[in-house]
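Structure record follows, encoded as C-alpha cells.
Each chain gets a letter, A, B and so on, in the order the sequences are listed, and its residues count up from 1.
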2 protein chains.
Amino acid sequence: MAYANDMAVDAPRAARTGTGLASALAVAVNRLSRRLRQERDSDLTATQLSALGTLRGHGPLTAGALAMHERVQPPSMTRTVNCLVEAGTVRREPHPTDGRQVVLHLSEQGAALLAAERRRRDAWLAQRLRALTPEQRDLLRRAAPVLEELARG
Amino acid sequence: MAYANDMAVDAPRAARTGTGLASALAVAVNRLSRRLRQERDSDLTATQLSALGTLRGHGPLTAGALAMHERVQPPSMTRTVNCLVEAGTVRREPHPTDGRQVVLHLSEQGAALLAAERRRRDAWLAQRLRALTPEQRDLLRRAAPVLEELARG
DNA sequence: TATTGTTATACTCTATAACTATA
DNA sequence: TATAGTTATAGAGTATAACAATA
C-alpha cells in the first residue's frame, strides 16, 4: 500500500483530502522558492542576500555560526563570504580571544545594499500578495513563522 | 523612509507587527526549501523529482511545456531530462504531428522511483509536522495551496 | 521566417576531503 | 589532539547565445 503522499501530490488535492501535507508543502515551497529566485534583479544572489539578512538580524557572527544559521557547510559559507567581502558588503575581523575564528560584520554599504535588494526582491511577491484576499494574507502571515520553525528544526 | 519589509526581516516579528509579510515569507520559504533539499537521500535530485512529479501529475508533456511548468528555461530542462532519460525514468518520444517537438513520458521505473524518493524526501518533513500542534498543521494545510497559487502567478 | 529543441559556454551553490593555523 | 576556517576539487542547476531541424 502506497503512502498517503503518493496519492496527493498537489496542494489543492491535499487540502481537500487532508492527506499528503508533507508532500504538498514540499512541492509548494520548492516551486515558490524557485519563482522568487527568478525575481531578483541585482548584483547579489539570493544566497548572498540571505547571509546578509542573517548578519543584520543577529549582528556579527563567526563564519561557523553563520554557516550553521544558513544551514550550509563551512566551505560553502567561505565562498559566499568571499563574494560578499569582495563586494564590500561584509568585513572579516579577528576574534578577540580565539585566533582561529573570524568574525563577520555587515558593512554600512552592505546594509544599504541589503535594503535596496530586499525591496526589489520582495516587489514581485508583495504585488502577488495584494491580489489575495485579506483572509489568505492573514493565513500566510500566521503560516510564515511556522515555516521558519520547520526550517529551523 | 524605508519599506515595511526593511523593519521586519524575520517571520515571528512580521507576525507580531503585521508588516513585512512578503519579506518574511520569502525568507521562510527559501530556508525551508534549502532545508528540504538537504534531506533527500537518493540518486535523484530535488529538481529531477520535481520534473518527474509534474510528468506524473499532468501526463506526457513536450519539453517546452515541461520547462514552462517547472519555470525554467528550455536548455535547463534539456539538461534535467538528459539525466532522467539516462537514469531510465523518462522516455523521449516523437510528437505525432510536429517533428520539432519531443514528448516526454514517465517510465514505470520512473514512477516507482518517484514514489520511493518522495517518501524519503517527505519523511523528515512529516516527522517535523507531527511535532506541531493540530492547529498549526491545519494552518499549513490551508496555506499550501495559497503558496502554490503564488508560485503559479 | 518563426518555432522547438539542443549544444556550447559560463557562473553560482553546494558538498566532501585535505590542509593550515590555533587552542 | 581537537577545532575553525580555508583551499582544492567535483557535481548539479540555471542562464544566455548560437545552432539545427522542422513548420
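Summarising the geometry, the separation between CG on Leu61(B) and P on dT4(C) is reported as 14 Å, rounded to the nearest angstrom. In this entry the distance linking CD of Gln101(B) with P of dT22(D) reads 13 Å, nearest Å. At whole-Å resolution of the value, CG in Leu66(B) and P in dT4(C) are 15 Å apart. Nucleotide dA8(D) holds its P atom 11 Å from the CG atom of Asn82(A), rounded to whole Å. Counting to the nearest Å, the C1' atom of dT7(D) and the CE atom of Met77(A) are 17 Å from each other.
Position along DNA chain C of the nearest nucleotide to Pro74(B) versus Thr97(A) favours Pro74(B) as the more 5'-ward residue. Between Gly99(A) and Cys83(A), the residue whose closest nucleotide on DNA chain C is further toward the 5' end is Cys83(A).
Side-chain atoms of Asp138(A) and Thr133(A), non-hydrogen and from C-beta on, never get closer than 4.5 Å to each other. Residues Gln101(A) and Asp98(A) are in side-chain contact: their nearest non-hydrogen atoms beyond the backbone lie under 4.5 Å apart. No side-chain heavy atom of Leu104(A) sits less than 4.5 Å from a side-chain heavy atom of Leu61(A). Side-chain contact between Leu147(A) and Leu140(B): present, with at least one pair of heavy atoms (C-beta onward) separated by less than 4.5 Å. Between Leu25(B) and Leu129(A) the shortest side-chain heavy-atom distance falls below 4.5 Å.
Listed by chain and residue number, Val72(A), Met77(A) satisfy the side chain to side chain contact (heavy atoms under 4.5 Å, CB included) test with Ala67(A) (two or more places apart in sequence, or in another chain). Scored by the ring pair (Phe, Tyr, Trp, His ring centres under 6.0 Å) test, His58(A) finds His69(A) as partners (sequence neighbours excluded).
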Quick one: which protein N/O atoms are closer than 3.5 Å to N/O atoms of nucleotides 1-3 of chain D? Pair and distance per line, please.
from   : atom 1 : to        : atom 2 : distance (Å)
dT3(D) : O4'    : Arg100(A) : NH1    : 3.3
dT3(D) : O2     : Arg100(A) : NH1    : 3.0

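The phosphate of dT12(C) has neither OP1 nor OP2 within less than 4.0 Å of any side-chain N or O from Thr47(A). One finds no side-chain N or O of Gln73(B) lying less than 4.0 angstrom from the OP1 or OP2 phosphate oxygen of dA17(D). A close approach under 4.0 Å does not occur between any side-chain nitrogen or oxygen of Ser76(B) and OP1 or OP2 of dT14(D). In this model, the phosphate group of dA12(D) is not approached by any side-chain N or O of Thr80(B) to a distance below 4.0 Å at OP1 or OP2.
Among residue pairs with one or both ends in residues 104-116 of chain B, those qualifying as side chain to side chain donor-acceptor pair (under 3.5 Å) are Glu93(B)-His105(B); sequence neighbours excluded. For residues 72-90 of chain B, the set of pairs meeting the side chain to side chain donor-acceptor pair (under 3.5 Å) definition, not counting sequence neighbours, comprises Asn82(B)-Arg92(B).
Comparing atom distances between the Pro75(A) side chain and each of dA17(C), dT14(C), dA15(D) picks out dA17(C) as nearest.
Against DNA chain C, the stretch residues 89-96 of chain A makes no heavy-atom approach under 4.0 Å.
For Arg79(B) against dT14(D), a side-chain-to-base donor-acceptor contact under 3.5 Å is present.
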